[in-house]
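Computed from a predicted model, the values in this text were never measured in an experiment. Just so you know, ligand 1 is whichever comes first in the structure, and atom 1 is the first atom listed for that ligand. Starting from 1, each residue takes its place in the sequence as its number. Any value given below was found using the heavy atoms of this structure, including those in side chains, with hydrogens, waters and symmetry copies removed.
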Amino acid sequence: MKRRIGWSFLALSVAVSCSGSPGVDVEESTRLNPAAPSTDVDAITPTATATVPPTSEPSDLVESSNPVDPASADLAGVGDSLYPTLGNGGYDVDHYSLAIDVDVDANVLDAAVTIEAVAVDELDVFHLDLQGLEVQEVTVDGVEASANRTGHELVVTPDRPIADAAPFTVVVHYRGMPEPIDDPAVPFDTIGWHQRETTVYVVSEPSGAMSWFPNNNHPADKATFDFEITTDSELTVVANGVLEGIKEVGGGQSTTTWRMDDPMTTYLAAVYIGDFELQESFTADGLRIRNYFPPAFADDLDDDFELTADVIDFFETLLGADYPFDEYGSIVLPFGIGFALENQTISVHGLDSTDPYTIAHEIMHQWAGNSITLGDWQDIWLNEGFATYLAYLYFEDRGLPSDIAPIGMYAALRGGSIGPAEVPVDELFSPSVYFRGGMALHALRVEVGDEIFRKILVAYYARFAGSAITTGEFLAVVDEVAGPDAVAVLDDWLYGPDLPAFPE
Ligand code: TRP
Ligand code: ZN
């Protein structure tokens, strides 16, 4: 059997057929990039691609000429290799409190966001990232501050300077209709806050968080969150973490509170508002799984997502570490969006992206990407290569057919690929990152054997859970556990100009 897969961002559609890999169901090994729109004929319902108009503002994400005064350029970015203007220097955020009134029909927000941060320098001025929307007032430690906008930089000048190492609290009041963002890494859609029909949904990786709240928009600055979302009482509101409560506030409106107690990066923060049915279950260890499905599809989806608990059990064993957060769940939108995204504790799936492989892939991201996060977007393969390959290991271990297998990944790379640890920004979610990144781990496993491979994974996770790292820190663990030959194999796969031979 051949299944067609589509990569809209490469403007091509490939069919891969494979044969002859022991222990792998090669016939099923061809559903490739979970990030890309799929032409999977098994989709529950035919869907159109998202029709959110692109942002009217020009993207200033990767421009070499910084829109900000060069004197303050180090405040307008954390020095990311691919996104020089994302995130901000001078402080670390500890906590975001998002209090947002949402008019779903009009798609208008009325918001007060409180940011608790600590200065890492003396600050006369500091930046937040916010694209679009209308800022009404900014206070710093209760005193009104002056605020200027330039591109996606919200430049705040507090009434008096903030001392080095001092904690401070910023409150930003703003309103308006969020404009989804055009990010060069995601040519297949806009990212950020979207409203479609009667549903609000957020998909933010990499830069979309700044379309709906002001923040320090880089994965290296993780913070805890709480969400107080006020909207029509008839609608269900879902966000990251644990549901704290739902309170009627009059006028047919309710405030739903969610709390994310473990540090989270801004691109994983998400809110969903619409008509969703809750389905709850537990893993063998008692971890709560709460899935939110569109009522019309809930029965089928309940079957699709039944493997969730078993996948979590498998990954806990593989990495020798508990699932990193308090709860897990998946939310499925009532329409197709061609992909899924691993929001912390609440992965979102388009109605067309609920195949078992994608479900396992998003679950793996809770460890690889969400608990261990990127110190730099250039290291994206640490997210996608791990999620791709370790999700495959679940199917291999359980003897189940998988949409992804090494031979299929390798075949998909034959057209040419650059090293996944060196991709340019417009290839952040390319086959090189997913499949050559995944193949790098497969080649490592073939080189060192299953036992040492597992030791590497366990040591890597134990050392870096909860922190932001770069590729060098992973390679150092490999060196410690398996020695320089193993590092050399990875070097070839991660940085080599040519595609290495298939490892056997
Ligand atoms: N991280 C997602 C995955 O592989 C892919 C992805 C990246 C994505 N950016 C996105 C999905 C934006 C939706 C929207 O699981
Ligand atoms: Zn992924």
task: May I have the step-by-step check of side chain to side chain contact (heavy atoms under 4.5 Å, CB included) for Ile191 and Glu205, ending in yes or no?
output: CA-CA 7 Å; Ile191 55 172; Glu205 188 183 14; over 6 Å; no
- line: In Tyr461, Phe464, Tyr434, Tyr460, the residue satisfying ring-ring contact (aromatic ring centres under 6.0 Å, His included) with Phe386 is Tyr460
field: Name of the residue among Tyr394, Tyr389, Phe395 meeting ring-ring contact (aromatic ring centres under 6.0 Å, His included) with Tyr392
entry: Tyr389
query: Hey, is Pro206 touching ligand 1 through its side chain, its backbone, both or neither, going by heavy atoms under 4.0 Å?
result: neither
Short list, please: which atoms of ligand 1 are under 4.0 Å from a heavy atom of [X]?
X      : result
Phe429 : 7 (C), 9 (N)
His365 : 3 (C), 4 (O), 15 (O)
Glu384 : 1 (N), 2 (C), 3 (C), 4 (O)
Tyr434 : 2 (C), 3 (C), 4 (O), 5 (C)

- request: Give a yes/no answer: is there an N/O/S atom of Glu384 under 2.8 Å from the Zn ion (ligand 2)?
  value: yes
query: Should the pair Arg196 and Phe335 be classed as cation-pi, given the thresholds of under 6.0 Å to the six-membered ring centre and 45° from the axis?
result: yes
- prompt: What orientation do Trp212 and Trp193 show, parallel under 30°, tilted 30 to 60°, or perpendicular over 60°?
  reply: tilted
- request: Would you please say whether a donor-acceptor pair under 3.5 Å links the side chains of Asn217 and Thr266?
  value: yes
Three-point angle His365:NE2, the Zn ion (ligand 2), His361:NE2, rounded to the nearest 10°: 100°
- line: Nearest heavy atom to atom 10 (C) of ligand 1, choosing from His361, Glu205, Glu342, belongs to Glu205
